[in-house]
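When reading the values below, keep in mind they use all heavy atoms of this one structure, side chains included, and skip hydrogens, waters and symmetry mates.
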Amino acid sequence: MKRGDRRDVVRGGGVVALLAARGARTHRRAWAAVFAALALGSLLLGTLGLAAGSAALGHARVERYAGADAVVAGTQSTRYTAKPWGSEPRTVRAGLTERVRVPARALDVVREVPGVRAVIADVAFPVTAHGRALTGRPWEAARLASAPARLSEGQPPNGAREIVVGEGVARAGDRLSIAYGTGSATDTHTYTVTGVSADARRTVHFSRDEAHRLADRAGKAGELDAIGVLADSGVPDDVLRARVRHTLDAAHLRDVSAPHRADDDPAPLRVLTGDARGEAEFLAAAPARMPLLQVLASLASVVVLVGVLVVTSTVAQALRQRARELALLRAVGATPWQLRRAVGREVGRIAVLAAAVGSVGAVPAYLALRALLVGRGAVPEGLELPFPPWLAAAPLGTAGLMVLIAWLTALGCCARAARARPAEALREEEPGRARQLTGCVLLGLGAASAGAGAFQHGAAAAAAASASALTMVIGCALLGPWLARGAMRVLGAPMRRLGVGGRLAASACTANAARLGAAITPVVLVTAFVLVQLAGGATLGHEAAAQARDAARADVAVSGPGVPYDAVERIRRLPGVAAATAVAHGTVVLPGKELGEPGLERLPVLGVTPRSLARTLDPAVREGSTDELRPGTVAVGTDRARTLGVRPGDHVQLRFGDGAEARLRVVATYERALALGDFLFSYEELTRHMTAPPPVRVLAALAPGTSPTSLSTAFPGARVERNPVPERVRAEDQALGEVLTAVAVTAIGGFTVIAVLSTLTLISVGRGPELRQLRLAGADRRRLRRMLLLESAATATAGLSLGTATAALPLLAFALSAAGRLPWLPPGQGALIVAVVVLTTTSATLLPALGALRGRYPVAAR
């Protein structure tokens, strides 16, 4: 062929297309594994992309205020400004889950805004009727809903002793006793039911004046939950919002928490329109969006990293089986450009199809994930996760990422054959010193990261453990051949004692260390990653449960709507009650720096009545005394106290759930912080910063021989629980973390099972001629099967051992730092990991070799 003709063929891509098409057809089995890995990666990344997009668009559901054009509410967030190392000051924000209220005088200010037709004050407060916990509201606030409450019978309340209830509570004309108020101010009055509403559900509607009087008794004097604004016809939302905003600023109005906030945390009133109106009702919805996005981003990064490792491994193994073919093409005159482009086009065809299949499956997978999150309570009530049609295109971007990863991997894997001279292309190349040095450096960095994590706390320790595990896994992958040789030095001697099959297996593994290293790497990957993901959370949960059991001292717990807010004092006075403690669960926000960066950490905490606390709920006090707990004081867990550098007599500064900042004196430090939270407050201190007093739960210790029946008699309708469930705090996003951890483990397991199957299958297929030669040399099928079984056992044993060793160091550092104990994993989960690895390695080794073992007389390899 003339030079000009050859140039035309190259430009037209004829040679390249021919090589790519024949390669894809000839090596279908090798590309099947690559296809599966890429399809799974595209599916998982597409699903997470859809979840992140939906969470970014998420908003609180608009129900109570759907009929209002705008809602004036308090600022449901707190912010903290600090200067990172060597940088300008930065401001971080965190959502508040307790209601920040509006001053009542804002009602008159908003009423004067041009274009405002009416303003309606809304207050909500807890009441009890027929032993059921209900919410009291003014009847006029029902106008703010999109469909105002309809009366199925009767009429609205007008007098101070008239109410409207939901269906099933009472009938029109009935007399109903309503309990309301808090603490010693608890009171009961009888009201006449003037109407029954089909839409009231768990709400009792009072007349306007009576509702505000009862709200004042509940500790909300001069405060409103929100103000609903009804605009004149034709006033756009943005114009209305701007006018109300300007008027509020001109009047210098702030929410009621403003005097108690930090200097760098202003509290202007918010004017909400559109979807934002739901934030005034579902307080936990908006703060949940950012943790959801952060967890999804963390999970996506793990999937990307594992996906890169697995796709790289499968593509590299597929091309490694063709190393001689590529070298032969180079030796007979194929140019480096032709070789690279042929391989790139071949991989590209497979990758595009696989990524497309995965992206199509991402939509139903996301819908299933969202249903799982909602079903497990991982998404707070009221958080809407919209899924507009245009969002369905998001998986195309993640599919393109997987195609790019596969294409770059293919180019890198054929670089050596393309680079070599034609005369040298058929020569085998051993792993170089650079690879060995890089692997050792990564192992060292992983160990250093684990050591650093031992001195961290909370999220920083978990991040250090994950980074350490990832770095060490990559280091093990690079050091695969050398680790395989080391493993065979340990396993070779016992294997050789198992007869001819054992000697054959030991010789094959020792002679092909690179092959064994490639087989071990995905096993190390799945073992290390899954152990870190499962054992980290399991260790914390196991230790927290143990601490909760050790802290539990109460004989009974009294709870339910039938328990008044002053129940703890009444229970203490009952005969046979040795001690009683009221318990409330809440949250605080702790400002500070982590790794030099400012942060706001939301923590679950307990509020308790301190009298005789150790007899009902023992926190294991180390220094000081919890008897001194009262407003203005706090007890601190020992690990948190060490991190903050405080002891009894020192002060800590934090923010409560309503944004109020407090400087509290430390009165005690205690050991059982994983179960009881990092901070322990007096019941009065914590509940005064809550939206409404929580349902009362009283733990009681009884004198010997005392029957709990007296408690049931004293509080009709209350639930008296013998041997109560141990008290334990739970993070707001714990359910979310548990669900997504299960998703992460499943994803990593699926990826690595594909990697193990593909790697060992390709190795076994490539050994077909070797197995036939062994049969021709006299080895029977039984001995060869025994050899293959022992090889798979060696692969599983070495991989599990190295994976466990890789995970052990970061897990040990994390467990000692966060839980003060050795790592722990439920035996069932550990057995499942071993079973999956053993089953996968065995099937991937034996099944592809059945062809070579079939028949009485082997057919020589062609």
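Between R640 and L603 there is a side-chain heavy-atom pair separated by less than 4.5 Å. Between F282 and E63, the closest side-chain pair of non-hydrogen atoms falls below 4.5 Å. Using a 4.5 Å heavy-atom threshold, the side chains of P268 and L248 count as separate. At a threshold of 4.5 Å between non-hydrogen side-chain atoms, the residues R270 and Q76 count as touching. Here the side chains of T194 and V164 are in contact, with some heavy-atom distance below 4.5 Å. In this structure, the side chains of R202 and V169 stay at 4.5 Å or more apart for every pair of heavy atoms.
E685 places no side-chain N or O within 3.5 Å of a backbone atom of S682 that could act as its donor or acceptor partner. The backbone N or O of A66 sits less than 3.5 Å from a side-chain atom of R277, completing a donor-acceptor pair. In this structure a side-chain-to-backbone donor-acceptor pair under 3.5 Å is missing from R137 to T203.
Applying the side-chain contact (heavy atoms from CB on, under 4.5 Å) test between L664 and each of V636, T633, L654 identifies L654 as the sole match. Each of R79, R655, R93 was checked for a salt bridge (Lys or Arg N to Asp or Glu O under 4.0 Å) with D264, and the lone residue meeting it is R655.
Note: F125 and F206 have tilted aromatic rings, judged against thresholds of 30 and 60 degrees for the angle between ring planes. Note on ring orientation: taking the six-membered ring where Trp is involved, the planes of F679 and F681 are tilted (angle from 30° to 60°).
Using a 4.0 Å cut-off between charged side-chain N and carboxylate O, R111 and D108 make a salt bridge. D122 and R64 are joined by a salt bridge, as a carboxylate oxygen and a charged side-chain nitrogen come within less than 4.0 angstrom of each other. The existence of a salt bridge linking E210 and R213 is confirmed by a sub-4.0 Å separation between a basic side-chain nitrogen and an acidic carboxylate oxygen.
Qualifying side-chain hydrogen bond (donor to acceptor under 3.5 Å, both in side chains) partners for D249, counting only residues two or more places apart in sequence or in other chains: R245.
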